[in-house]
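Values below: all heavy atoms of this structure, side chains included; hydrogens, waters and symmetry mates excluded. Naming convention: chains lettered A, B, ... in sequence-line order (proteins, then strands); numbering from 1 in each chain.
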Amino acid sequence: MLWEMVEMLEIKGANLFRIRAFQKAAQNIENLGEDIAQIAKRGELQSIPGVGKGVAKRIEEILKTGKLKEYEKLKKGFPPGLMQIISVPEVGPKTARLLYDKLGIKSIKDLEKAAKAHKIQSLFGLGAKIEENILHGIEIHQELKKRMLLFEALSAVRPIIEDLKRLPEVRLISEAGSLRRRKETIGDIDILTSSTRPGTIMKAFIHFPEVKEILAKGLTKSSVRLKDGLQVDLRVVKPGSFGAALVYFTGSKSHNIKIRELAKKKKLKVSEYGVFRSKGNKKIAGKTEEEVYKSLGLPWIPPELREDQGEIEAAFKNQLPRLVKLSDIQGDFHVHSNWSDGADSIEDIAKAARAKGYQYIVIADHSQSLKVARGLSLENLKKKIHLIHKLNNNLKGLKVLTGAEVDIKSDGSLDYPDWILSELDVVIAAIHSGFKQSRDQLTTRILKAMGNKYVDIIAHPTGRLMGAREPYEIDFDKIFKQAGLTQIALEINAFPQRLDLNDLNVRRAKKFGVKFTIGTDAHILTQLANIELGVSVARRGWLEKNDLLNTLSLPDLQKWLKKK
DNA sequence: GCCGTTTTCGGCCCGACTGTTTTCAGTCG
C-alpha cells in the first residue's frame with residue numbers, strides 16, 4: 001500500500017520529501033526479514049528506520065483493519081492503469097500527469113494509441129522526439145522487468161571481464177551494481193574500468209562477438225545487449241576516480257544516499273568523481289574505495305552489505321561483521337551421487353572435492369519415497385554406506401561423510417527409520433511434496449522433523465525455486481527459535497534457483513543463534529562450484545566464519561556431530 | 001513524513017543526459 005501511495009502521490013504532485021519518506025519506509029519494511037505484526041506487537045514500529053509517528057500509525061491501521069483509509073481514498077480517484085504508465089521508461093510522474101490531464105491517457109494502451117496518432121508531440125513541453133522515445137519505451141518495457149539469476153549474471157560477466165582485461169588500455173576493472181553486491185537476481189550487468197584512453201575500450205567492447213545489439217555508445221559509457229538477451233553497461237573513468245566511481249556504481253542507491261548524507265554533515269561532498277570539501281571543492285579522496293570510506297571516518301564496507309541495512313551505522317561504531325570468505329570453506333554439505341539422481345560416482349565427487357581443497361564432503365542422496373529422484377531404498381542405502389566406508393579407507397586428504405536428504409513426509413515423520421539414520425554421519429531433512437499445506441501445517445511438520453534426534457540439517461527451508469515456485473509459507477520465528485535451541489543447522493542451499501534460506505532470513509535466523517551449512521545440492525561435478533553462491537548469501541546475511549559448520553576442520557566437525 | 005556528530009525546525013544525495021519551454025525541468029541511475 002505504501003509503494004502504491006508513493007506512485008499515486010508522485011503523479012498527484014505531492015510534496016517530494018513526503019513521498020520520499022514513504023518510499024524509504026516502504027523499502028525498509030520490505031527488507032525487515034521479520035513479520036511486521038510481531039514488531040507492532042512489541043510496540044517497536046518506530047525503531048524501523050524511516051518509520052516515524054505517521055507511518056507507524058498507518059501500519060497499525062493496516063494491521064488492525066486490513067485497510068488504510070487514506071490509501072483507499074487516494075485509489076478511488078485513480079484510474080487503475082495510470083500507475084502502470086510511469087513504469088514505461090521515459091515516462092515519469094510529471095509526464096504521466098500531463099498526459100492524463102490533457103489527453104485522458106490512463107493506461108499503457110491509451111499511451112501507445114496516442115503516440116501512434118502523434119497526439120503527444122503537440123503537448124506543451126513534449127515533442128516529436130519524446131513521442132518516439134515513449135513508443136520505444138513501451139516496446140522494451142516488458143523485457144525490462146525480467147531479472148536474471150545471480151548465477152547467470154556471473155557466468156555472463158566473467159568472460160567479458162577476461163576479454164576486457166586483455167586490452168592494454170584497461171587499467172583497473174571491476175564488476176559493479178547489484179552483481180557486485182551479489183544480489184540473488186540482477187537487472188543488468190555493470191562493469192567499471194579505469195583508463196586514460198576510454199575510446200579504444202568502448203570500441204573493442206561493442207565489437208565483442210557476444211554482442212547482439214548496441215543500445216548506446218558514448219565516450220565513457222556504452223550499453224549492449226548480448227545474444228542471450230542480457231544487457232551489459234560498461235563505464236570508463238579516470239584512474240583517480242576509480243574508487244569513488246566504484247562506490248557509486250556498486251550502490252545500492254540507498255547506501256549511496258546515506259553515504260552522501262553523512263558526507264554532507266562532515267562538510268564534504270561525495271560524487272562518482274571523488275570526495276570533495278564543500279568549501280573550495282578540493283578533492284580529498286577518490287582513487288580507491290578504502291580512501292573514500294576513510295575520508296568519511298568509516299572502514300571499507302564489503303559490497304554485499306551495502307544495502308542501507310545498518311552497515312553504515314555498524315561501520316561507524318567499528319562493528320562490521322568479519323564476513324565469512326570462500327577460502328574459509330572446508331567442505332560441501334549437500335551433494336548427490338549417481339546412487340540417486342546425480343550424474344557422478346561417489347569416487348569422482350570425492351576426487352573433485354579434494355581438488356577444491358576440501359577436507360570433507362557429505363554425500364546426501366534422496367530417500368526412498370522420492371521416486372522421481374530415484375530415492376534410495378533401505379537396502380541400497382546400506383550398500384552405499386558400506387561402499388563409502390571402504391572408499392574412505394583408500395582415500396587420502398578427504399573424508400566422504402555418509403548422509404541422506406531424507407524426505408519430511410506430510411505428517412512430519414521421516415522417510416527412513418531411526419535405526420538407519422543413526423548409521424549416517426549427517427542427516428539432512430527436507431520437504432519435497434505437499435507444498436500447498438497451510439502455514440501452520442508446514443511449520444508443525446518441520447518442527448516435528450526437528451524433534452528427531454538424528455536430524456542435523458534442514459535443507460532448503462522454504463522450498464522456493466526462483467522463477468518457478470514460490471516459497472512455501474512457514475512461521476520463521478518458530479523455526480528459527482527451534483533451530484537455535486536444538487542446534488539443528490539450517491541450510492543455505494546454493495543451487496542457483498534456490499538460494500534458500502535467502503539473505504534476509506539468514507540474517508534474521510542468526511539473531512536466534514542458528515548455525516548454518518552451505519550445500520551446493522550439486523547433481524553434477526561442475527555444480528560444486530556453486531558453493532560460491534552460498535557464500536554470497538551467507539555474506540549478505542552478515543554471517544561470520546563461526547556461524548557456518550562448513551568452516552570447521554574435519555575433526556571439529558566430527559566433534560560437533562557427536563555432541564549433537 | 002522523518003530526523004538530529006550542526007539542528008525539535010529546516011532541511012532532505014549527486015550528477016548525466018535529453019529535449020525543449022532558450023534557461024531548465026524531467027527522468028534516470
Complementary nucleotide for dG1(B) - Watson-Crick or wobble, under 3.5 Å: dC12(B)

Would you mind reporting whether R507(A) and L501(A) have side-chain heavy atoms less than 4.5 Å apart?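 In short, these two side chains do not touch, never coming nearer than 4.5 Å.
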
Atom [atom1] of [X] to atom [atom2] of [N]: distance rounded to whole Å?
X: R235(A); N: dG15(B); atom1: CZ; atom2: P; value: 16 Å
X: L123(A); N: dA25(B); atom1: CG; atom2: P; value: 19 Å
X: L296(A); N: dC14(B); atom1: CG; atom2: P; value: 12 Å
X: N133(A); N: dC28(B); atom1: CG; atom2: P; value: 11 Å
X: I86(A); N: dG29(B); atom1: CD1; atom2: P; value: 13 Å
X: E90(A); N: dG19(B); atom1: CD; atom2: C1'; value: 10 Å
X: L179(A); N: dG29(B); atom1: CG; atom2: C1'; value: 16 Å
X: I134(A); N: dT20(B); atom1: CD1; atom2: C1'; value: 14 Å

Phosphate-side-chain proximity, [X] and [N], N/O vs OP1/OP2 below 4.0 Å:
X: K221(A); N: dG29(B); result: no
X: N256(A); N: dC14(B); result: no
X: S271(A); N: dC13(B); result: no

How would you summarise protein contacts on nucleotides 1-8 of chain B per nucleotide, using B for base, S for sugar-phosphate only and - for none, with heavy-atom distances below 4.0 Å? BSS-BB--

Whole-angstrom distance between [N] and [M], as gauged at atom [atom1]:
N: dT20(B); M: dT27(B); atom1: P; answer: 14 Å
N: dC12(B); M: dT18(B); atom1: P; answer: 28 Å
N: dT23(B); M: dC17(B); atom1: P; answer: 23 Å
N: dT22(B); M: dC14(B); atom1: P; answer: 29 Å
N: dA16(B); M: dC9(B); atom1: P; answer: 37 Å
N: dG11(B); M: dT7(B); atom1: C1'; answer: 9 Å
N: dT8(B); M: dG19(B); atom1: C1'; answer: 43 Å

If you measure from the Lys or Arg side-chain nitrogens to the Asp or Glu carboxylate oxygens, is any gap between [X] and [Y] under 4.0 Å?
X: D101(A); Y: R97(A); result: yes
X: D477(A); Y: R508(A); result: yes
X: K325(A); Y: E304(A); result: no

Separation of F316(A) CZ from I301(A) CD1 (nearest 0.5 Å):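 Rounded to the nearest 0.5 Å, the CD1-CZ separation comes to 11.5 Å.
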
NZ of K113(A) to OG of S107(A): how many Å apart, nearest 0.5 Å?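 Rounded to the nearest 0.5 Å, the NZ-OG separation comes out at 7.5 Å.
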
[X], nearest nucleotide to its side chain (from [options]):
X: E272(A); options: dT27(B), dA16(B), dC28(B); value: dA16(B)
X: Y248(A); options: dC14(B), dG29(B), dG26(B); value: dG29(B)
X: P93(A); options: dC13(B), dT27(B), dG29(B); value: dT27(B)
X: E261(A); options: dG15(B), dT27(B), dC12(B); value: dC12(B)

Describe the nucleic acid contact of [X] in one word from base, sugar-phosphate, nothing, applying a heavy-atom distance below 4.0 Å.
X: Y273(A); result: sugar-phosphate
X: K129(A); result: sugar-phosphate
X: L126(A); result: base
X: I130(A); result: sugar-phosphate

Verify the distance criterion only: is there a donor paired with an acceptor across the side chains of [X] and [Y] at less than 3.5 Å?
X: D233(A); Y: S223(A); answer: yes
X: N502(A); Y: N505(A); answer: yes
X: W3(A); Y: E30(A); answer: yes

Examine the base of dC12(B) for any acceptor or donor lying under 3.5 Å from a partner atom in the side chain of R20(A), and report the outcome as yes or no. no

Between A96(A) and A128(A), which residue's closest nucleotide on DNA chain B lies nearer the 5′ terminus? A128(A)

